[in-house]
Amino acid sequence: MTRTIFDKINPPYSLHDMNVIAFEVDGNTIAMKTQSGMIKTANLSTQVDGYVEFHDVDFDFCYVYIYNGFYGNVGTFSGEKIFLKDFIESFENAGFSIMDENYGYNRVCYTGFLSKGGAMGECTIEIYHKGDMVFVDETEYTGMKEVILSHDSEAMIYLVPAEVADNLDRYCWDFAANWVWHGPENGKFLKHFGGNQLGAVFGAPDFINYLNKWVFPDYHSKLVKGLGCYGHEIPEEYRNIPIYNF
């Protein structure tokens with residue numbers, strides 16, 4: 001017998017509790033705009049400006065289920081099932097508050113509450129797309145700053161985005177406490193020690209790779225130099241630089 005664990009999808013952004021206010025259609029591309037942007041899951045649920053794009057959408061397999069009122073968790077219900085394209089054409093002075101989001105193979109399913117014309121009810125939106133799903137983060141990140149990182153080894157100076165340097169503890173903690181254990185690449189960090197005891201092995205270079213690949217791919221974080229000392233022995237001239245020891 002073979003037992004295979006299905007790795008849950010870990011989207012870099014979440015739309016939970018976001019209110020969709022517009023669907024902009026350009027050919028087979030949909031840009032779904034919300035009132036308050038998105039939640040950046042890679043940084044302790046930070047809210048950012050942005051929207052979601054769905055490319056090469058097959059409208060023949062996109063549907064919306066609109067229920068008449070609220071039905072709780074169980075019981076009979078009534079409503080209608082319509083094509084997404086028809087729903088978008090009538091989506092004016094309306095809002096769709098997302099409660100749950102599910103991402104499968106080329107398909108997205110959002111459930112929540114539709115409000116329009118003073119009425120509100122439960123609603124489910126299914127989008128089938130053959131192309132990419134793209135989270136567009138409109139936050140303007142500028143500049144790079146130096147930080148000192150170590151992992152019970154020689155302290156190193158790295159150049160990272162200013163946003164990371166200004167919030168170093170938060171980014172490092174999120175990486176070490178969440179991403180290493182639950183991210184899509186956790187297999188290379190998690191190790192078994194002494195039977196069934198599970199631990200994580202990682203260091204500053206892994207954090208830098210995480211920034212470059214997943215969090216700030218447009219900003220190249222890199223090693224500047226080693227300081228030839230441990231984190232508790234930082235020379236006076238470098239003590240104004242943010243520091244973190246993994």
Side-chain angles (χ1 to χ4, degrees), residues 1-16 38-46 48 50 52 101-108 131-137 139 141 144-232 241-246:
M1 179 177 67
T2 301
R3 300 177 69 243
T4 303
I5 297 175
F6 175 70
D7 184 23
K8 65 179 181 179
I9 296 176
N10 295 279
Y13 296 85
S14 171
L15 299 180
H16 177 66
M38 312 176 294
I39 301 297
K40 189 173 184 179
T41 59
N43 179 25
L44 297 181
S45 301
T46 301
V48 299
V52 184
E101 48 194 319
N102 297 280
Y103 303 101
Y105 180 72
N106 287 356
R107 181 177 292 277
V108 174
D132 293 329
M133 175 183 177
V134 180
F135 293 96
V136 181
D137 186 341
T139 307
Y141 298 104
M144 305 285 284
K145 288 184 177 181
E146 291 184 341
V147 298
I148 298 175
L149 301 175
S150 64
H151 46 279
D152 293 331
S153 59
E154 181 185 4
M156 303 281 191
I157 294 181
Y158 290 89
L159 195 64
V160 300
E163 162 70 13
V164 176
D166 293 340
N167 302 278
L168 187 61
D169 285 353
R170 187 173 65 180
Y171 276 92
C172 289
W173 174 257
D174 187 43
F175 169 73
N178 296 314
W179 182 266
V180 165
W181 292 89
H182 308 295
E185 296 183 328
N186 61 352
K188 69 181 184 181
F189 303 121
L190 303 184
K191 311 292 181 184
H192 285 280
F193 301 94
N196 294 324
Q197 184 176 0
L198 186 65
V201 179
F202 59 92
D206 298 307
F207 176 66
I208 296 301
N209 290 336
Y210 157 75
L211 292 179
N212 287 333
K213 183 175 181 179
W214 297 97
V215 187
F216 291 96
D218 295 330
Y219 295 82
H220 182 63
S221 298
K222 62 181 181 180
L223 173 66
V224 176
K225 65 177 181 179
L227 293 179
C229 63
Y230 289 96
H232 62 279
I241 298 177
I243 182 172
Y244 194 94
N245 179 60
F246 288 102

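Here the structure is a predicted model, which is why all the values come from computation and not from measurement.
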### Task
Kindly indicate whether the side chain of Asn186, heavy atoms from C-beta on, has any atom under 4.5 Å from the side chain of Val180.
no

#### Entry: Asn245: partners by side chain to side chain donor-acceptor pair (under 3.5 Å), with sequence neighbours left out
Ser150, Asp152

## Note on the structure
Separation between SG (Cys172) and CG (Leu211), nearest 0.5 Å, reads 8.0 Å

### Message
Any heavy-atom pair between the side chains of Asn102 and Arg107 that's under 4.5 Å?
### Response
no

### Message
Would you compute the distance between atom CD of Glu185 and atom CG of Asn209 and round it to the nearest 0.5 angstrom?
### Response
8.5 Å

### Query
When you look at Tyr210 and Asp174, which way does the side-chain contact (heavy atoms from CB on, under 4.5 Å) test go after all the steps?
CA-CA 11 Å; Tyr210 157 75; Asp174 187 43; 3.8 Å; yes

### Query
Just by distance, do the side chain of Asn212 and the backbone of Pro217 share a donor-acceptor pair under 3.5 Å?
no

### Step-by-step side-chain contact (heavy atoms from CB on, under 4.5 Å) determination, Leu159 to His220
CA-CA 8 Å; Leu159 195 64; His220 182 63; over 6 Å; no

### Query
Residues in ring pair (Phe, Tyr, Trp, His ring centres under 6.0 Å) with Tyr244, at least two apart?
Phe246

### Task
In sequence, state the C-alpha distance, the side-chain angles, and the governing distance for Leu227 and Ile157, and then conclude on side-chain contact (heavy atoms from CB on, under 4.5 Å).
CA-CA 7 Å; Leu227 293 179; Ile157 294 181; 3.7 Å; yes

### Query
Could you give the distance from NE2 (His16) to CD1 (Ile39), rounded to the nearest 0.5 Å?
9.0 Å

### Task
Could you check if a side-chain atom of Leu149 sits within less than 4.5 angstrom of a side-chain atom of Leu168, using non-hydrogen atoms only?
yes

### Task
Please round to the nearest 0.5 Å and tell me the distance separating atom CZ of Phe216 and atom OG1 of Thr139.
8.5 Å

### Distance-only polar pair, side chains of Glu163 and Tyr171, donor-acceptor under 3.5 Å
yes

### Task
Could you tell me whether the side chain of Tyr158 reaches within less than 4.5 Å of the side chain of Val164, counting heavy atoms only?
no

### Task
Scan residues 217-231 for pairs that pass salt bridge (Lys or Arg N to Asp or Glu O under 4.0 Å), counting only residues two or more places apart or in two chains.
none

### Where Glu146 and Pro242 come nearest, the two heavy atoms and their spacing
O-CD, 3.7 Å

### Task
Hey, could you give me each pair passing salt bridge (Lys or Arg N to Asp or Glu O under 4.0 Å) that has a residue in residues 191-207? Not counting sequence neighbours.
none

### Query
Taking Asp132 for the side chain and Val134 for the main chain, is one N or O donor matched with an acceptor at less than 3.5 Å?
no

### Query
Shortest non-hydrogen contact from Pro161 to Tyr219?
CG-CB, 3.8 Å

### Task
Look at the aromatic rings of Phe135 and Tyr103 and report parallel, tilted or perpendicular, splitting at 30° and 60°.
perpendicular

### Query
Taking C-beta and beyond as the side chain, do Lys145 and Asp166 meet within less than 4.5 Å on heavy atoms?
yes

### Task
Taking all heavy atoms of Trp181 and all of Ala200, pick out the closest pair and write down the distance.
CZ2-CB, 3.7 Å

### Query
Can you tell me how far OG1 of Thr41 sits from OH of Tyr13, rounded to the nearest 0.5 angstrom?
8.5 Å

### Counterpart residues, side chain to side chain donor-acceptor pair (under 3.5 Å), relative to Asp169 (two or more places apart)
none

## Note on the structure
Sequence neighbours excluded, the answer for side chain to side chain donor-acceptor pair (under 3.5 Å) partners of Ser14 is Glu101

### Query
Between CE of Met156 and CD1 of Ile148, what distance do you get to the nearest 0.5 Å?
11.5 Å

### Task
Report the residue from Phe189, Phe175, Trp173 that forms a ring-ring contact (aromatic ring centres under 6.0 Å, His included) with Phe207.
Phe175

### Query
Within a strict 4.5 Å, meaning less than it, do heavy atoms of the Val52 and Leu15 side chains meet?
yes

